[in-house]
Each structure stands twice: as structure tokens, then as C-alpha cells.
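Only one structure is covered here, and it is reproduced in the block below.
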Amino acid sequence: MKDITIIGGGIIGLCSAYYLQKEGYKVNLIERGDLSDGCSFGNMGYISPSHFVPLASPGIISQGLKWMLSPTSPFYIKPRLNLDLMRWGYHFWKSSTAEMVQQNGPHLIDILQVSRRLMFDLKNDIGDTFEMEDKGCLMMCRQQKTLDHEFHLADEAEKYGLKVERLSRQGVQQLEPDVELDVAGAVLFKDDCHLNPGKLMVALKNYLEKSGVVFHLNTTVTGFEKVNNAITTIITDKGAFHCSELVLATGSWLPVVAKMMGIRLLLQPGKGYSHTYEHVENNVRYPAILVDGRCAITPWGQQLRIGGTMEISGINNNVLMNRMQGVYDSAKRFYPGLKIDFPPADKIWHGLRPVTPDGMPYIDRTEQYNNVIIAGGHAMLGISEATGTGKLVTDLIQHKTSDIDVSAFRLNRF
């Protein structure tokens, strides 16, 4: 049986390794960091079948232009002369139509539903060490017009078979008796789950190491050698690695690494911010998307994480405090009774989400090489789609027909 090399140790790379080793493959994983941080660690930990509307959707362009005028807004594109950004922006605009949402929605709900089911199987297999709960997620709204829109989305969700509950202000407050709220109401998506993403990453890595997956950490890919239409060798700063089959799962660095192979991908890193409070007095009980505020909140016992924003500013480690200020202010508006302070600068986490122009991931074999599969571009749904993606990658390696239609995830759709 062939050896498989995975480049990228985020949640997509680890889940791909999980399913491949289950099928008996020998797996090597190359990762530029030490697997102690990254976008897979600091996110909100959601498994969200409720997110069946792609990021590129009607109204997002006009709303985004308004947000760019505010330094604390949840969306920002740094103006710059960059051809890849302009091409990405053009296709984002083309994808933000009702017709495209109607076309992509069923594919998105398919992978989200499969991933939810597989995540429960994974938990049972590797052990329940990452605080997974399936109590649902609240879509909370402060304005009545926003709530009306969420109720409409709830109607659409029910058509996909999702379980929802429409809540008044009083109904939401009953679910959160320990902290004062200021909301018009909410929709509870009962199929949604949440977990601690950092603990999931640690648990998966430990399991995979015990199962024989070989990790090459702090190892940066610098190039590739090819023979005809196959990648044969991966060149790194720690030496060369022979390659039989290659899975590229490098998150926001996907275009950078793919370009070394001569492959151009439309993808932009979308920076997000979060902060985790360790001991919250009278903590919230439910994870929630604060719809008007475009941010999110997740509890784990006495811990509480707030996070959000989408900052398209390239690959960098710059922290714009105003962006985190916007997240904090939104949390306090929705939860005026929540006793949390604005975090110090050195305690603000940031990470880069890989965003495609239509909000759909890339999961496909390349046309240029017969032994390369690309898996990435999951934006804010990396945890939500990780297990399903890992299973689809394994199907591609085995040249098997998948249980769901993967045509929406093809590489050449732009």
C-alpha cells in the first residue's frame, strides 16, 4: 500500500491523516510549526450544520463596504494593488448571488451533516477529552429586523431537515438565567455542537502518533521535484522527502505552497481574533453567534471565548486592536450582565482562515499531477467540515465514489 505525505498540520491535515491511517496507509505529516497554535486552535470550536449559507451571499458586498468605514467593524479589506486579491474579489462578487447560494447550499449542508456524524464517531474512537457538547447554538439578534431574517433562515433550515427553535427575548433569557441579556430573540439550532478546538488538536495528534503517523514538525517546504505528471520529492529546510501520494492541506498558505508546483489558487487569508477568559463568574451556558455584531461566544465550563472579525490583509501577524474592541463591545451589548474586561494586547489571539471566493472548500485532485490532492479553503468552517473532508480525501486517494456530491469543491471552478 502506498505511503501518503500530508503537508499541513491543521485540523484538515490531522483529520485526513486520521482516516488514511484507518485504511492502513503509512502517513507522514510535514508541518511548518510545532502544532501548539494556529487557526485550528483559537477558533470558536463550532460544528455547525446551521451554517448552510455560504460566506459569499446576497448583500454581503454592500454591507462589507459600509463596515469598511468603521475601524471596529467585523469586516475589513486592506486596500492594496495585488492581482490575486483583485481576482479573488471579482469572483467573490460573482458568487454573491441568490442563484449561487441556491446552487452551493445543498453541497454545503451535505458536508456539514456528514462531518457532524463523523465527529461523534471520532470522539468515541479517540476518547472524549475535548469537551464536546451537542446542546445546540443560538443565533442571537438585538434588532427585530435581524431576528425576522433569522426566522426566515430557520424556515430554510427546516427544509434541510435541521431542528430549530424560535425564541423570544424571554425565551432566550430562560436559557441563560445566570447573565442579563439585551436581545430581541434568537433561533436555537439544535443540531449544532461545540468543542474545545485546542484540546481536539492535542487529542488527535496524540492518537495519530500512537497509531504510527510520523510527524515532521518545524519543517518548512521550499520546493518540489517532479517526473512527468507526478510530484516525486518534497524539498524542505530539513531535507528531502520521497513522495508517492501527496495531500496539500496548508490552510491560508495553500496558494504559496501550490505555486511552488506551478498551481495558482484563488484564496485569501481572513484574519480572525479571539480571547479566552479563564474564570468567568456567572458564565453563559450556550454558544452563540451574535448576528448583529458578527462575532461569536463559546463557553467551556468556567472558560469563555469571544471572537470574530474577517480581516483580509494578507499573511501577516499584525494585530489591529480596534478589531478586537469591536468583538468585545458586541459581546457586552448582547450580554450587559457579563463580567469580562477588555483583554490586554498580549493575550489577544489571532489566526488566518483560508477563504475561497465562494466560501466553499477545495477538495479535489489536481489536473497537473496525478498524485496530488488539495484540501483547504474552509474559511470559518474548518472544525465543522474537518472530519467530512478527511473522509473525502481518503475516498480520493482510493479513487472511490464518495457518498456526497463533491463537484462544488473542484479546483477549477473559477
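Quantities reported herein were computed from a predicted structural model and do not represent experimental measurements.
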Can you give each donor-acceptor pair under 3.5 Å made by side-chain atoms of residues 368-379, sequence neighbours left out, with the distance rounded to 0.1 Å?
from, atom 1, to, atom 2, distance (Å)
Y369, OH, M261, O, 2.5
N370, ND2, N229, OD1, 3.3
N371, OD1, I231, N, 3.0
N371, ND2, I231, O, 2.7
N371, ND2, S244, O, 3.0
H378, NE2, T389, OG1, 2.9

Task: Under the side-chain contact (heavy atoms from CB on, under 4.5 Å) test, residues paired with A157 that sit two or more places apart - done: F52, L162, V164, F189

TODO: Please test E311 against S313 for side chain to side chain donor-acceptor pair (under 3.5 Å), starting from the C-alpha separation and ending with a verdict.
DONE: CA-CA 6 Å; E311 178 188 318; S313 59; 2.9 Å; yes

Open item on the list: Can you tell me how the ring of Y273 sits relative to the ring of H350, calling it parallel under 30°, perpendicular over 60° and tilted otherwise?
Closed with: tilted

TODO: Assign the ring pair H275 / Y277 to parallel, tilted or perpendicular, where the plane angle (0 to 90°) is split at 30° and 60°.
DONE: perpendicular

Open item on the list: Do K123 and F130 form a cation-pi contact, if we require the NZ or CZ to be under 6.0 Å from the six-membered ring centre and within 45 degrees of the ring's axis?
Closed with: no

Task: For E176, all residues meeting salt bridge (charged side-chain N to carboxylate O under 4.0 Å, His left out), sequence neighbours excluded - done: none

Task: Set of residues satisfying salt bridge (charged side-chain N to carboxylate O under 4.0 Å, His left out) with respect to R166, sequence neighbours excluded - done: D155, E158

Task: Flag if over 12 foreign heavy atoms under 6.0 Å of NZ, K238 - done: yes

Open item on the list: Does F120 have more than 12 heavy atoms from other residues, nucleotides or ligands lying within 6.0 Å of its CZ?
Closed with: yes

- [ ] Assess whether side chain to side chain donor-acceptor pair (under 3.5 Å) is satisfied between D37 and W349, documenting all intermediate values.
- [x] CA-CA 10 Å; D37 196 11; W349 178 92; 2.7 Å; yes

TODO: Could you please spell out the steps behind the side chain to side chain donor-acceptor pair (under 3.5 Å) verdict for K271 and N316?
DONE: CA-CA 9 Å; K271 188 182 296 178; N316 63 72; 2.5 Å; yes

Task: Sequence neighbours excluded, every pair satisfying salt bridge (charged side-chain N to carboxylate O under 4.0 Å, His left out) that has a member inside residues 183-205 - done: E131-K199, K163-D191, E165-K190, K205-E209

TODO: Not counting sequence neighbours, which residues clear side-chain hydrogen bond (donor to acceptor under 3.5 Å, both in side chains) with S168? List them please.
DONE: Q170

